[in-house]
Amino acid sequence: MNVLSPQEILKAAVMIEERGEAFYRLAAKQTKEKQAADLFTHLADEEVKHRETFAGLMSQLADRPSLESYPQEMLEYVSAFVKNVIFPNPETAARAAANDVHAAIAFALQRELDSIHFYQETRPLLLTRRENPLDAIIAEERKHFLALLDLKAKL
């Protein structure tokens, strides 16, 4: 058994937010639709806030020992999910969607759902207290999803 520490989960969360920001900034630059560019820029700014939240949590939990052990498969799952599913290559995705705002929105919608899934699945591994800081991030990701759906309906 290997230990999956809260810091490892938070590092993965930071990577998700960094990749999300990179995708949204590139998509904003490359789309010709002002409304889409504005939303993508807003979502990129939100990803920065999420990253800062996770970085703050990392420092708060720096001295906290891990209470649980998880099989190697869980460590591999967390790493693979972040690297291959959630914003696997933001630059390629943004370029591919440059001429098709609907493709960019569809890609972003799926990434938001993937982020929600990841945070919900790792939530119990991070902290066991009643109010988990991931709850606020999950709520924000849901708002991002709804904003993207609204944009999709308008375009």
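Quick note: numbers below take in every heavy atom, side chains included, and nothing from hydrogens, waters or symmetry partners.
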Check your understanding: Going from CD1 on I9 to CZ on F54, what distance comes out if it is rounded to the nearest 0.5 angstrom?
Key -> 10.5 Å
Check your understanding: Tell me, do T122 and F118 make a side-chain contact under 4.5 Å, heavy atoms counted?
Key -> yes
Point to revise | Salt bridge present between K49 and E52 (N-O < 4.0 angstrom) | key: no
Review point. In chain order, what residues pass the ring-ring contact (aromatic ring centres under 6.0 Å, His included) check against H117, with sequence neighbours excluded?
Key: F81
Exercise for review: Work out which heavy atom in V14 is nearest to a heavy atom in A55; give both atom names and the distance.
Suggested key: CG2-N, 4.3 Å
Please table the atom pairs, donor to acceptor, closer than 3.5 Å between any side-chain atom in residues 148-155 and protein atoms at least two apart or in another chain.
| from | atom 1 | to | atom 2 | distance (Å) |
| --- | --- | --- | --- | --- |
| D150 | OD2 | K154 | NZ | 3.0 |

Exercise for review: Could I get the full list of ring-ring contact (aromatic ring centres under 6.0 Å, His included) partners for F145, not counting sequence neighbours?
Suggested key: none
Review point. Rounded to the nearest 0.5 Å, how far does CD of E47 lie from CG of L43?
Key: 7.0 Å
Revision key, fill the gap. When every non-hydrogen atom of F40 is compared with those of Y24, the smallest separation belongs to O-CB, 3.2 Å
Check your understanding: Are V48 and L39 connected, step by step, through hydrophobic side chains (Ile, Leu, Val, Met, Phe, Trp, Tyr) whose heavy atoms are closer than 4.5 Å?
Key -> no
Check your understanding: To the nearest 0.5 Å, how far apart are CZ in R123 and CD1 in I137?
Key -> 12.5 Å
Exercise for review: Apply side chain to side chain contact (heavy atoms under 4.5 Å, CB included) to the pair R51 and I16, showing each step before the final yes or no.
Suggested key: CA-CA 8 Å; R51 189 176 68 235; I16 289 169; over 6 Å; no
Check your understanding: Once the angle between the rings of H144 and H50 is folded into 0 to 90°, is it parallel (under 30°), tilted (30 to 60°) or perpendicular (over 60°)?
Key -> parallel
**Study point:** Distance, nearest 0.5 Å, that separates NE2 of H102 from OG1 of T31
**Key:** 9.5 Å
**Study point:** Non-neighbouring partners of E140 that pass side-chain hydrogen bond (donor to acceptor under 3.5 Å, both in side chains), sequence neighbours left out
**Key:** none
Exercise for review: Could you pull out all residues at least two apart from K29 that satisfy salt bridge (charged side-chain N to carboxylate O under 4.0 Å, His left out)?
Suggested key: none
Review point. Regarding R19 and the six-membered ring of F23, is the cationic atom NZ or CZ under 6.0 Å from the ring centre and inside 45° of its axis?
Key: no
Practice item. Rounded to the nearest 0.5 Å, what's the gap from CD on Q120 to CG on D135? Could you check? Key: 9.0 Å
Practice item. Heavy atoms only: give me the nearest T41-A28 pair and the separation to one decimal. Key: OG1-CB, 3.4 Å
Study note, to complete from the structure: salt bridge (charged side-chain N to carboxylate O under 4.0 Å, His left out) filter on R25, not counting sequence neighbours, yields E21, D45
Revision key, fill the gap. Residues at least two apart in sequence or cross-chain that pass side-chain hydrogen bond (donor to acceptor under 3.5 Å, both in side chains) with K143, listed by chain then number, are none
Exercise for review: Give, for atom CD of E33 and atom CG of D100, the distance between the pair rounded to the nearest 0.5 Å.
Suggested key: 10.5 Å
